[in-house]
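Because the structure is a prediction, the values reported are computed rather than measured. A, B, ... follow the sequence lines: proteins, then strands. Residue 1 opens every chain.
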Amino acid sequence: MAKKTIKSEKLPSTSTTSFFEDVYEVVKQIPKGRVTSYGAIAACLGTKSSARMVGWAMNGAHLRKDKVPAHRVVNRNGMLSGKMHFKTPDAMQKALEKEGIKVKNDTIVDFEKYFWDPMIELFR
DNA sequence: GCATTGACGAAGG
DNA sequence: CCCTTCGCCAATG
C-alpha cells in the first residue's frame with residue numbers, strides 16, 4: 001500500500017505524503033462507473049475520522065503524474081462537493097455521466113447503487 | 001506560533 | 001427533520 005514508485009514532484013508535504021499516496025492508490029482502484037466517498041476511503045486507511053484529509057489529498061491529486069479519478073469520489077451524500085475544484089465546474093459531472101453515472105442537481109442518482117466500498121472490494 | 005479554513009462526517013439541539 | 005457544533009489534521013495567513 002504505502003510507498004510505491006511515486007516521485008516527489010510537487011507533493012504538498014514531505015512527511016505526511018504516505019497518507020496522500022494511499023488515498024491516491026485507493027482512488028485509482030475504483031472501477032469505471034463506480035463511485036465512493038471520502039469517508040469510506042479514510043475508513044479503509046484506518047483514519048475514518050479524517051475524511052477531510054482525504055478531500056485535502058484530492059486537492060493535490062491533479063498534480064500527480066497518474067491522473068487520479070477524483071471525479072469518482074464524492075461526499076457521503078453522493079453530492080459532487082468537489083466539482084468546483086476541477087478545471088471547470090462541470091468537468092466532474094461530465095466525467096461521471098460519461099461513465100454511465102447519472103447526476104442530477106450536483107448529486108449522483110442512485111448513489112448507493114454505484115457506491116464502491118474500498119473496505120469490502122479490496123478485501124474480497 | 002496562533003487563528004482560520006477546508007473536496008467530510010457524525011452527533012447533538 | 002434541519003441546523004449547528006465538534007473532531008479530525010494539514011495548509012495557509
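- Between the CZ atom of A:F115 and the C1' atom of B:dG9 there is a distance of 13 Å, rounded to whole Å.
- A donor-acceptor pair is defined here as one N or O able to donate and one able to accept, closer than 3.5 Å; no such pair exists between the side chain of A:T107 and the backbone of A:G78.
- At whole-Å resolution of the value, CE in A:M119 and P in B:dG9 are 13 Å apart.
- Shortest non-hydrogen contact noted between A:M92 and A:G82 is SD-C, 4.0 Å.
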Between the protein and nucleotides 1-5 of chain B, which nitrogen or oxygen pairs come in under 3.5 angstrom?
none

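- Of the options A:V54, A:T47, A:L45, A:V27, a side chain to side chain contact (heavy atoms under 4.5 Å, CB included) to A:D22 is made by A:L45 and by none of the others.
- Between the P atoms of C:dT5 and B:dT4, the separation comes to 15 Å (whole Å).
- Annotation: C:dT4 and B:dT5 have their P atoms spaced 16 Å apart (nearest Å).
- We find that CZ of A:F19 is positioned 14 Å from C1' of C:dA11, with the value rounded to whole Å.
- Contact record, A:N59 with A:H62: O-CD2, 3.2 Å, taken as the closest heavy-atom pair.
- A:M79 and A:Y114 fall into different hydrophobic clusters, defined by Ile, Leu, Val, Met, Phe, Trp and Tyr side-chain heavy atoms under 4.5 Å apart, directly or through other members.
- Under a 3.5 Å cut-off, the side chain of A:Y38 and the backbone N or O of A:V73 do form a donor-acceptor pair.
- Annotation: proximity of residues 94-104 of chain A to DNA chain B (heavy atom, distance under 4.0 Å) is found for no residue.
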Pairwise N/O distances under 3.5 Å, protein to nucleotides 6-8 of chain B:
| residue | atom | partner | partner atom | Å |
| --- | --- | --- | --- | --- |
| B:dG6 | N7 | A:R52 | NH2 | 2.9 |
| B:dG6 | O6 | A:R52 | NH1 | 3.3 |
| B:dA7 | OP1 | A:H85 | NE2 | 2.7 |
| B:dA7 | O5' | A:H85 | NE2 | 3.2 |
| B:dA7 | N7 | A:G55 | O | 3.3 |
| B:dA7 | N7 | A:N59 | N | 3.3 |
| B:dA7 | N6 | A:M58 | O | 2.6 |
| B:dA7 | N3 | A:Y38 | OH | 3.1 |
| B:dC8 | OP1 | A:S81 | OG | 3.2 |
| B:dC8 | N3 | A:R52 | NE | 3.4 |
| B:dC8 | N4 | A:R52 | NE | 3.2 |
| B:dC8 | N4 | A:R52 | NH1 | 3.2 |
| B:dC8 | N4 | A:R52 | NH2 | 2.8 |

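- A distance of about 23 Å separates the P atoms of C:dC2 and B:dA7, rounded to the whole Å.
- Checked by atom type and distance alone, the side chain of A:S37 pairs as donor or acceptor with a backbone atom of A:A40 at under 3.5 Å.
- Counting only residues at least two apart or in different chains, salt bridge (Lys or Arg N to Asp or Glu O under 4.0 Å) contacts with residues 93-110 of chain A comprise A:R72-A:E99, A:K83-A:D106.
- Contact record, A:F86 with A:H71: CZ-N, 3.6 Å, taken as the closest heavy-atom pair.
- Partners of A:D90 under the side chain to side chain donor-acceptor pair (under 3.5 Å) rule, at least two apart in sequence or in another chain, are A:T88.
- Partners of A:F111 under the ring pair (Phe, Tyr, Trp, His ring centres under 6.0 Å) rule, at least two apart in sequence or in another chain, are A:F115.
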